[in-house]
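These notes are about the structure you will find just below.
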Amino acid sequence: MPPKKPIRVRIAPSPTGYLHIGTARTALFNWLFAKSQGGSFILRIEDTDLERSNIAFEKDIIENLRWLGLTWDEGPALEKSEYIGDYGPYHQTKRLASYEKYIKKLLDENLAYYCFCAKEQLEEERQAMLSQGMAPKYSGRCRSLTSEQVQSMITAGDNYVIRFKMPSAQITFKDMIRGSVSFDADLMGDLVIAKNIQTPLYNFAVVIDDYEMNISHVIRGEDHLANTPKQIVIQKALGFNEPQYAHLPLILDKERGKMSKRFAATSIKEYRDQGYLPKTLINFMAFLGWHPQDDREILSNEELIKEFDIKRVQKAGAIFNLEKLDWLNAQYIKTLPDAELLPLLLPFKPQLKDLPERTALKIIATAKDRLKKLSDFKSLTDFFFTMPNYNASLLLWKNTAKDKTIKNLKTILQLLPDALEIKQFAEKEGRGEVLWPLRVALSGKDISPGPFEIMEALEENETKNRINIAIKKLRGDNGL
RNA sequence: GGUCCUAUCGUCUAGCCUGGUCUAGGACGCUGCCCUUUCACGGCGGAAACACGGGUUCGAAUCCCGUUGGGACCA
């Protein structure tokens, strides 16, 4: 038996925007595939579009992939401008010599040719074909140019592109998710593979990179499905082996279109900024188009790797369900110990830092079960930090009289700080009549954690202070 | 417009390959009850789907064909 080809997969983002949720999800599936098969996961930066590429975006992509825990075995090194891995460089802009080599090869072998057709002319032809109900496709006019003609036009400075001679053949490949898929290459027309000898276009560069990086499986979004036959044809012309393909269903927005900013945040950065945990995002993205055999919904990275099977991925697009994301995040937050939550909450409530750790942890404990996102923490706990402002009438439980409420609050003042005695008192007097005004006095809110939870985190003096203020409010003192 | 992909509750999905165990299972959301001073958490229930039409078969969510819907790509 021949030795098994090593499994090598890649994610190849363009740094033309922040790390997109779709890109992250593709990265995750590649990562899961690599991890579950003992293969390598490679990061390649497709930065040939100089105008739209931006180093800040590249940084964002690298940082957030790392934050998600999707670390790569080969690709750009983290801080330094170096690479990990033997197949570098992993930036397309640093691989131009390779592309040039293969473009020349195709040109030399007469498998590609220079095309000088003007854009306007092409567009006209396209419209004409369209109006006849035909598939728009390049006529192949420049195929027959002689090398002398080409030379003279190049020296004359005419604009050109390089086209690949599309064979007339049926291209069939096996998709790991969709099974056999076939296209008629004859319908495609001669593909532009490069703007010039140094400037390859996407479908060409990908083929070269995947070959040179020895990629065994190409796992990518369904939006690339129609690119696949084009790439296969180029591979064949160059004598490359064909990798295995898997096309993932797309993540859709509410209107069933491609995820767009109009509907929800599309970048990982935005979710991170809102306080979604990396574990949440990983778990959630894994379930967008995939499902384990059993009914479990909350799986750790290790469990995901163990269960992952690319054959089980869905064929149809999946709508991004924000409510479920929130629920999942809440589940993960609940499982985190308070002490681990503290540093994560700091960016959302910097004042936590000024508190004794013990107090900070108590505050966190009151909010933990109520958090969907870490960013919820601020509004949920503001009253701990600033004296609440509220109407005196809020202190009255149902139809309890003012005087009675004042009396109850005064009794509480006597009983402080003994929570047990206050509880006994509440049992005797009526829980609502005692605990409601106490809670409102402490929180200033109709909705909040319970009074004893709040007192745990508040200084005893502060507790007394707030109760006194409540009594004053009820008496109508100081115009309160 | 052409090509390709695709179709189970509102949403994510199990089941489909290897037809009967499916009066279709789970989760989110929605909703009723319980717990409870409020909210949240938690617990127990409920409503909610096999796109449609043909065929194959004793029998189809499951296999085949078509229609319709949705999506992607091409410029």
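Per chain, numbering begins at 1; letters A, B, ... match sequence-line order.
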Contacting residues from residues 286-293 of chain A, given that a heavy atom lies under 4.0 angstrom of RNA chain B: Phe287(A), Leu288(A), Gly289(A), His291(A)

Could you check how far NZ of Lys230(A) sits from P of C4(B), rounded to whole Å? 13 Å

Nearest to side-chain heavy atoms of Arg431(A), which nucleotide of A72(B), U37(B), C28(B): U37(B)

Would you mind classifying the nucleic acid contact of Lys334(A) as base, sugar-phosphate or nothing, using non-hydrogen atoms under 4.0 angstrom? sugar-phosphate

Measure from the side chain of Ala318(A), starting at C-beta and using heavy atoms only, and say which of U13(B), A72(B), C41(B) lies closest. U13(B)

Sidechain N-carboxylate O distance under 4.0 Å for Lys464(A), Glu460(A): yes

Presence of salt bridge, Asp294(A) and Arg296(A), under 4.0 angstrom: yes

Let me spell it out: for each of Gln331(A) and Pro437(A), pick the nucleotide of RNA chain B with the closest heavy atom. Which residue's pick is nearer the 5' end? Pro437(A)

Rounded distance in Å - CG (Leu225(A)) to P (C5(B)): 7 Å

Atom-pair distance (CD on Glu297(A); C1' on C12(B)), nearest Å: 8 Å

Tell me which nucleotide among C28(B), U13(B), G42(B) gets nearest to the side chain of Asn321(A). C28(B)

Out of U13(B), C4(B), A27(B), minimum distance to the side chain of Trp327(A) belongs to A27(B)

How about His224(A) and Tyr202(A): are their ring centroids closer than 6.0 Å? yes

Do Arg10(A) and Asn30(A) pair up side chain to side chain, a donor and an acceptor below 3.5 Å, judged on atom types alone? no

Would you indicate what Glu427(A) reaches in the nucleic acid, counting non-hydrogen atoms under 4.0 angstrom: base, sugar-phosphate, or nothing? nothing

Which residue is it: Phe425(A), Trp397(A), Trp436(A)? I am looking for the one with a side chain to side chain contact (heavy atoms under 4.5 Å, CB included) to Asn408(A). Phe425(A)

Determine the Euclidean distance between corresponding C1' atoms of C64(B) and A72(B); express it in Å to zero decimal places. 26 Å

Using a heavy-atom cut-off of 4.0 Å across all strands, would you classify Gln314(A) as base, sugar-phosphate, or nothing? sugar-phosphate

Neighbours of RNA chain B within residues 439-461 of chain A, by heavy-atom distance under 4.0 Å: Arg439(A), Asp446(A), Ile447(A), Ser448(A), Pro449(A), Gly450(A), Pro451(A)

Axial cation check for Phe452(A) ring with Lys423(A), 6.0 Å and 45° limits: yes

Could you pick out which residue, Asp184(A) or Ile177(A), lies toward the 5' side of RNA chain B when each is mapped onto its nearest nucleotide? Asp184(A)

Phosphate oxygens OP1/OP2 of A72(B): is one of them under 4.0 Å from a side-chain N or O of Arg220(A)? no

What contact category does Glu323(A) fall into here, base, sugar-phosphate, or nothing, at under 4.0 angstrom with non-hydrogen atoms? sugar-phosphate

